[in-house]
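This report refers to the structure that appears directly beneath it.
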Amino acid sequence: MGYETDWTDVEKGSPDCDCPAKCGSADIEVREWESSDGGHTDYHYRCKGCGKDWWAEGADA
Ligand SMILES: [Zn+2]
């Protein structure tokens with residue numbers, strides 16, 4: 001549970017590689033977060049260009 005992975009770079013050109021702040025940076029990192037019961041995984045993104053961070057919901061197990 002908690003953060004399952006360290007920050008890793010999102011592949012350039014992937015749909016996830018799009019800063020919602022539209023800062024123009026393509027340097028996005030992501031890490032996985034798992035709920036305490038292990039049944040839910042979310043993805044925590046952050047932009048290295050402007051520092052914006054956001055979440056995306058993963059599939060329920
Ligand atoms: Zn940004």
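Just follow the structure's listing: the first ligand is 1, and inside any ligand the first atom is 1. Sequential numbering from 1 along the given sequence is applied to the chain's residues.
Around the NZ atom of K52, the shell of radius 6.0 Å holds no more than 12 heavy atoms that belong to other residues, nucleotides or ligands.
Panel detail: the Zn ion (ligand 1) has protein N, O or S atoms under 2.8 Å away, 4 in number.
In this structure, a donor-acceptor pair under 3.5 Å is absent between the side chains of S25 and D27. Between the side chains of H44 and D42, no donor-acceptor pair of N or O atoms lies under 3.5 Å.
Rounding to the nearest 0.5 Å gives a distance of 5.0 Å between CD of E34 and OG1 of T41.
Seen from the ring of W7, R46 counts as a face-on cation partner, given the 6.0 Å and 45° thresholds.
Residues Y45 and W33 do not share a hydrophobic cluster, clusters being chains of Ile/Leu/Val/Met/Phe/Trp/Tyr side chains in contact below 4.5 Å.
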